[in-house]
Amino acid sequence: MNTFVTVNIYDTGTNFENASTWIDSAFAEIKRIEEMATHYSNTSEIGRINYHAGVDSVAVSEELVSLLEESLKFAEESGGAFNVAVGPIVQAWDFLAEQPRVPERERIDKLLPLIDYRLISMNGNKVYLQKKGMSLDLGGIAKGYAVDRAVDVLKAGGFKRFIVDLGGNLGVFWEGTRLIDSAAARILVRHPRKEGEFFGSFKMGSGGVATSGDYQQYFMAEGVRYHHIIDPTIGYPARGVVSVTAMAPDGITADAFSTLVFVLGRDRGMEVIKNTPGIEGMIIYEDDGMLNVDLSPGLQELFMRNYSHD
Ligand code: AMP
Ligand code: MG
């Protein structure tokens, strides 16, 4: 998944060796999901679906079927802002290249008909992409899903207080707390423009948190920032927002929401957060060269622009 994983267990009286064994199992679970969902391979389940696009359906695991069904649910709910069929456009931008450059408009326009999530057919455990050149990219949701599975492993180990951090996608479990709760973890929000600094912090209880930002994978060309979160209606990076931090009862929902709120932008994004039960979030945007933040009602009392390491 091209990132780092940290697991912290805070239970008192934890036996170190026992905890290490369970943490190893949590890492193995994340690895397993990566091997299923990565599009950087022709042999992963996603890789095989992509390889056979426009030619043949591919039988996949029940687990991947559920993950794709969840993805399509987020696509429907967001009016297509969240779109796991975005693969061809992400590849055209190639943000991980050594010297990425802006693709030609013509090329993007030709690819747009291929990123239609309604052309993903699912029949039992068979998945078929209806057009040649289509490809699935679970980059906007797989980390959150993997966090949930790692959280399940640690719960099975009997732990009652822990945090899984998969590249900024967090799963917090603190027995007896709810998502909006000042009793458990303090989350530091990275400053989107100053490396190593923090923008603010908030407290939370059990649940998932994810951040999507225009600083995570990007390049500059002629003074313009091009980043990896694509507005599927135009095939270009979504504009208007610098970063979105979404909180939800679980990691997969937080991950999907961070991405889809980013694409929807400040107004429509905050509306969706407010209208979806169990979701909270913050949207950082730039105004006249200054960074500002919009907070959902649940976060307003918990967020601090300053933070302290207490
Ligand atoms: P995240 O950091 O969770 O916002 O995910 C960003 C990643 O999701 C990108 O690197 C792409 O792999 C993928 N992606 C980009 N645009 C979209 C979109 N509109 N819907 C779903 N996934 C996307
Ligand atoms: Mg996401």
Side-chain angles (χ1 to χ4, degrees), residues 1-4 33-34 37-41 44 46-47 50 67-68 70-97 100 103 108 111-112 114-118 120 134-148 165-171 190 192 208-219 226-248 250-265 268-269 272-273 279 281-284:
M1 289 177 180
N2 199 17
T3 191
F4 296 92
I33 291 153
E34 172 170 37
T38 181
H39 54 270
Y40 296 111
S41 148
S44 69
I46 286 292
N50 291 345
L67 184 53
L68 289 176
E70 282 274 292
S71 305
L72 293 176
K73 189 193 80 188
F74 289 121
E76 291 289 345
E77 285 174 3
S78 65
F82 189 81
N83 181 345
V84 289
V86 77
I89 295 283
V90 175
Q91 283 157 37
W93 283 93
D94 201 6
F95 293 99
L96 296 177
I108 295 291
L111 292 173
L112 282 178
L114 296 178
I115 66 161
D116 184 347
Y117 69 89
R118 287 163 300 193
I120 305 170
M134 282 180 73
S135 66
L136 300 178
D137 176 338
L138 298 189
I141 201 172
K143 290 193 191 92
Y145 177 71
V147 163
D148 289 340
D165 177 355
L166 175 47
N169 285 257
L170 308 189
R190 193 163 289 171
V209 197
T211 298
S212 294
D214 70 4
Y215 54 91
Q216 290 166 337
Q217 273 180 40
Y218 75 98
F219 64 91
Y226 295 94
H227 62 81
H228 67 143
I229 302 161
I230 301 296
D231 179 344
T233 58
I234 51 174
Y236 278 68
R239 294 285 170 216
V241 161
V242 169
S243 89
V244 174
T245 298
M247 302 162 77
D250 50 50
I252 189 173
T253 312
D255 197 359
F257 267 78
S258 70
T259 308
L260 73 86
V261 168
F262 193 111
V263 173
L264 290 173
R268 284 163 68 213
V272 165
I273 292 175
I279 308 290
M282 52 184 276
I283 300 177
I284 301 178

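When a ligand or atom number is given, it counts from 1 through the structure's own listing order. Note that this is a predicted model, so its numbers are computed, not measured. Hydrogens, waters and symmetry mates play no part in the numbers below; they use all other heavy atoms, side chains included.
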What residue and atom, counting heavy atoms only, is the protein's closest point to [atom], and at what distance?
atom: atom 8 (O) of ligand 1; answer: G140 N, 3.0 Å
atom: atom 15 (C) of ligand 1; answer: H228 O, 3.2 Å
atom: atom 1 (P) of ligand 1; answer: T259 OG1, 3.3 Å
atom: atom 11 (C) of ligand 1; answer: D137 OD2, 3.6 Å
atom: atom 22 (N) of ligand 1; answer: N83 O, 3.9 Å

query: What do you reckon, are the aromatic ring centroids of H228 and Y215 less than 6.0 Å apart?
result: no
message: Can you check which of D255, V86, T233 brings a heavy atom nearest to atom 23 (C) of ligand 1?
response: V86
- line: Heavy-atom proximity to atom 16 (N) of ligand 1, picking from I230, L138, D214, N2, points to I230
Side chain or backbone, does [X] bring an N or O within less than 3.5 Å of an N or O on ligand 1?
X: I229; answer: no
X: H39; answer: no
X: A81; answer: yes

- request: Drop me the distance from I46's CD1 to L138's CG, to the nearest 0.5 angstrom.
  value: 4.0 Å
task: Rounded to the nearest 0.5 Å, what's the gap from CG on N50 to CG on D137? Could you check?
output: 8.5 Å
Closest non-hydrogen atom pair, A142 against I33: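 Closest pair (atom of A142, atom of I33, distance): O-CG2, 4.5 Å.
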query: T253 and F74: which non-hydrogen atoms are nearest, and at how many Å?
result: CA-CZ, 3.9 Å
task: Answer yes or no: are there more than 12 heavy-atom neighbours, outside R239 itself, under 6.0 Å from its atom CZ?
output: yes
query: Between the side chains of S243 and T211, does any donor sit under 3.5 Å from an acceptor?
result: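 No - no donor-acceptor pair under 3.5 Å links their side chains.
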message: Regarding S212, does it place an N, O or S atom less than 2.8 Å from the Mg ion (ligand 2)?
response: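 So S212 does not bind the Mg ion (ligand 2) by this criterion.
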message: For E76, is there an ion pair with K73 - N to carboxylate O distance below 4.0 angstrom?
response: no
